[in-house]
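Within every chain, numbering begins at 1; the chains are lettered A, B, ... in the order of the sequence lines, protein sequences first and strands thereafter. Computed from heavy atoms alone, side chains included, the values below leave out hydrogens, waters and symmetry copies.
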Amino acid sequence: MEAPGGTWMALNDNKAGMEGLDKDKINKIILEASKGSRYYESELKKEQKVNQRIEKMLQYKELITQQQLLRAQEQVEKMAADLERGRCLGRVIVHVDMDAFYAAVEMRDRPELKDRPMAVGSDRMLSTSNYHARKFGVRAAMPSFIARKLCPDLVIVPHNFEKYRAASTEVREVFSEYDPFFMPVSLDEAYLDFTEHLRERQGWPEARRTHTPRTETATAEGRGVEEGSQGDGGSADLSLVLFEDDPVSPPGPQGPAEPVVFGTGAEEAVREMRFRIEQRTSLTASAGIAPNMMLAKVCSDKNKPDGQYCIPADRQAVMDFIQDLPIRKVSGIGKVTEKMLRALGITTCSGLLQQGALLSLLFSELSWHHFLQISLGLGSTHIERDSERKSMSTERTFAEMSSAEQQFDLCRELCRDLAQDLQKEDLKGKTVTVKLKSVNFEVKTRASTVSSAVSSEEEIYAVARDLLKIEIDTASPHPLRLRLMGVRVSGFLSSDDRKSLQKSIVSFLQSSRPPGDTPLPNTAPDNPTPLSGGAVIQTGMSLTARPSKPGRSAREGQSFFQRAEAQRLRGQAGRGEEREGEQGEERGGVSSCSLQQGQAGLTCPICFQQQESADLRSFNHHIDQCLSAGPAQSHGQGGNLTLFNTHLDMCLNQDVLQELGPGPLSHNASVTASTEGKGTPEPCQSAPKPSSKNKRCGSPTLPSPKKAKGLNPRNTIDRFFR
DNA sequence: GCGGATCAC
DNA sequence: TATGGTGATCCGC
């Protein structure tokens, strides 16, 4: 999905599809509609702040001496040389982006929308628009009332996420044939590593690269008649084979459903993938091919819609491409950064390189390293799957709310929703954050970290309520006039915490064994208060057990069975509407439970008798029975317990799963290992990711941050601009 | 750990 | 009349 963009209030002409209305006219309409509104005033204020930041930066720049600059220049050059040495051109990275995804899905399913300007969204805000509407200046993240002013005939279609998810699933199935470990960014976007595919593809016979177009009548709507009103005329007339890549003969002109043969090179392979996506979904995709993710992402935008662009694996080609590339095109450089850099006279990537020394003196280390990498056309060459989530939140915008009572009610409601979401992923966190936005669009967040992780409505609300109360009391006697409230939970238990809890569970289970049995040497030493049997029994009684009280140790709020269920559900449902929990399908889940589930059903960990039903709920019920009957009932054998321990390990701990070594997960495991920075035997190191969570630079070819810091600790003067 | 900002989608 | 929701990260305290 295209980013909102826009330079403050004005229209962002960054993107394609701006042929219709006069840009000035569009901007005028937007301004007219916005002027005087609280939103507008707030935007002005924000802009002022940025301007001040820039002012400070420029003032500081004046203080920089020639000598400082020379020293900095040296340092930057050294760093650039190091980066250059680590440059990797050996991988073929592809970024795929579906064209106007939501809008395209709606148009596919409702052909009458096809030649009308339309957008997908709510009454208040648009998610995306079709290319027809874009000519009017109607864009993603635009409020609907402005869109209607720009284009009175605009049709606004409400979201239908089920459909988008379904389409996305189909697209991803195609992706996985080229890279089973592709990295989804959102429903409509992904990075793929084509390197392996291309290696294999070299030996493929033509037949394996031949695809027959679907006939027009194959599906309900078909892809309809492209009227070629947009872009480069759609892809109905696939002129695929006239590309350089492969000498295969073109199909006869307009032959009915003539098979299409694709070449063996990167561009042909990507063309083939896009062709298959369109055949499969009647949706078009754009793609970028490049030696790294940063470049691939920029490339996919270049020939949008329904096009692709390739930067060959050649240093000069990369540098040529980078030369005049506007910095704003690079993912991670947003409105504010662009403006700050523009104030320094930098608008293109080559400018970043030329002004490297200056930037190293004006920006934080992380920032100027990032800039330097961009300026050299470097980026990550390894595609890592999503890491574990770090927070979960829910927030809502509403008509002005000033009554404290209502605010507390709403807060509770948000906590309830959030608790439900947390439970779906079986998460507990220690930090609760409340977000408030006033009717003047001023945003405040207030956080509190508690000693034991929370996940239930009551637990979260207990914290959130206090935070909210402080704000209300502080503002008193004035009421808080809110337009938005949100609640977030973060600080999730680490996998180490999970391990320790899982050991605790095991030790609990041991405690229910008859005396005389030697206990497993498994008790968590770092958990001074192992779970009391009562606690587990209480909270583990059933899947509908009420939330646990505060003050308990980690994760005990849910039984193992609840968690197994949660994990299973996780494998089916995504995380959210737009950004899904992608790796759910590949990791863990019920598949790892086959150890016990297998043919006959599940084995009860208490009585060690097989249960017929594989249904977790009834199984859980059985456990309840067993537990109520008391430990005296249990008569397990050591063998079974060991087996069960193993099972617990597998089900409870995804890290353990990965450590289990080769197998379907080995790729993941190796990726994880390499990102740990423990020496990467790979031919290509992942370029140090600027915005990576890893503070240290992953590549051994990089100078240590320490060195840079020691050189000029005061270099980082971002704070002067704030 | 907290809070404000920035960014992506 | 009227400008979203979710998640991540960075920076300076």
Checklist entry - Going by atom types only, do A:E413 and A:Y461 share a side-chain donor-acceptor pair under 3.5 Å? => result no

Item to check | Short side-chain donor-acceptor distance under 3.5 Å, A:D99 and A:S286 | outcome: yes

Next on the checklist: So A:S144, base contact, sugar-phosphate only, or nothing? Heavy-atom distance under 4.0 Å.
Outcome noted: nothing

Next on the checklist: Please report the distance, rounded to the nearest Å, between NZ in A:K339 and P in B:dC7.
Outcome noted: 12 Å

Next on the checklist: Counting only side-chain nitrogens and oxygens, does A:R53 get under 4.0 Å of the OP1 or OP2 atom of B:dT6?
Outcome noted: yes

Next on the checklist: From NZ of A:K390 over to P of C:dG7, roughly how many Å is that when rounded to an integer?
Outcome noted: 13 Å

Checklist entry - Can you list the residues that meet the side chain to side chain donor-acceptor pair (under 3.5 Å) rule with A:Q407, with sequence neighbours excluded? => result none

Item to check | Upstream residue (5' side of DNA chain C) when A:R396 and A:S391 are each assigned their closest nucleotide | outcome: A:R396

Checklist entry - If only side-chain N and O atoms of A:R446 are considered, is one of them under 4.0 Å from the OP1 or OP2 phosphate oxygen of B:dG4? => result yes

Next on the checklist: Under 4.0 Å, counting only non-hydrogen atoms across every strand here, what does A:S42 touch: a base, just sugar-phosphate, or nothing?
Outcome noted: nothing

Item to check | Minimum-distance nucleotide (side-chain atoms of A:K437 versus C:dG4, B:dC9, B:dA5) | outcome: C:dG4

Item to check | Candidates B:dT6, C:dG7, B:dC9 - which lies nearest the side chain of A:D188 | outcome: B:dC9

Checklist entry - Quick one: is B:dG1 close enough that its OP1 or OP2 comes under 4.0 Å of any side-chain N or O from A:S448? => result no

Checklist entry - Which nucleotide in the list B:dC2, B:dC7, B:dT6 gets nearest to the side chain of A:T431? => result B:dC2

Item to check | A:V489 side chain reached by A:M392 side chain, heavy atoms, under 4.5 Å | outcome: no

Checklist entry - In whole angstroms, how far is the P atom of C:dG4 from the CZ atom of A:R139? => result 18 Å

Checklist entry - OP1 or OP2 of C:dC11 sitting under 4.0 Å from any side-chain N/O of A:S364? => result yes

Checklist entry - Taking CZ from A:R124 and C1' from C:dG4, how many angstroms apart are they, rounded to a whole number? => result 8 Å

Checklist entry - If you look at every strand shown and take non-hydrogen atoms under 4.0 Å, does A:I146 touch a base, only sugar-phosphate, or nothing? => result base

Checklist entry - A:T337 near the nucleic acid: base, sugar-phosphate alone, or nothing, with a heavy-atom cut-off under 4.0 Å? => result sugar-phosphate

Checklist outcome for this item: Those residues at least two apart in sequence (or on a different chain) that pass side-chain contact (heavy atoms from CB on, under 4.5 Å) with A:E41 are A:L44

Next on the checklist: Applying a 4.0 Å non-hydrogen cut-off, can you work out what A:R38 is touching in the nucleic acid: base, sugar-phosphate, or nothing?
Outcome noted: nothing

Checklist entry - CG/A:L362 to OG/A:S367 distance, rounded to the nearest 0.5 angstrom? => result 11.0 Å

Item to check | A:F371 CZ to B:dC7 C1', straight-line distance once rounded to whole Å | outcome: 13 Å

Checklist entry - Hey, does A:S37 reach any base, or is it just sugar-phosphate, or nothing, if we go heavy atoms under 4.0 Å? => result base

Checklist outcome for this item: Side-chain atoms of A:K335 come closest, of B:dA8, B:dC7, B:dA5, to B:dC7

Checklist entry - C:dT6, C:dG4, B:dG4: which one has an atom nearest the side-chain heavy atoms of A:K444? => result B:dG4

Item to check | Proximity to the side chain of A:K297 - top-ranked nucleotide from B:dC9, B:dA5, B:dG4 | outcome: B:dC9

Item to check | Euclidean distance, atom CE of residue A:M340 to atom P of B:dC7 [Å, nearest integer] | outcome: 10 Å

Item to check | Distance in angstrom units between A:L366 CG and B:dA5 P, rounded | outcome: 20 Å

Checklist entry - Which listed nucleotide (C:dA2, B:dG4, C:dG7) is nearest to the side chain of A:T445? => result B:dG4

Checklist entry - How long is the span from the CG atom in A:L482 to the SG atom in A:C411, to the nearest 0.5 Å? => result 10.5 Å

Checklist entry - The side chain of A:V50 lies closest to which of these nucleotides: C:dT6, B:dG1, B:dT6? => result B:dT6

Checklist entry - How many Å lie between NE2 on A:H369 and P on C:dC10, as a whole number? => result 14 Å

Next on the checklist: Categorize A:S34 for me: base, sugar-phosphate, or nothing, with a 4.0 angstrom heavy-atom threshold over every strand shown.
Outcome noted: base

Checklist entry - So does A:S127 get a side-chain nitrogen or oxygen closer than 4.0 Å to the phosphate oxygens (OP1/OP2) of B:dC9? => result no

Checklist outcome for this item: Side-chain atoms of A:A447 come closest, of C:dG7, B:dA8, B:dG3, to B:dG3

Next on the checklist: If you only use heavy atoms from C-beta on, which nucleotide in B:dA5, C:dT6, C:dG5 is closest to the side chain of A:T394?
Outcome noted: C:dT6

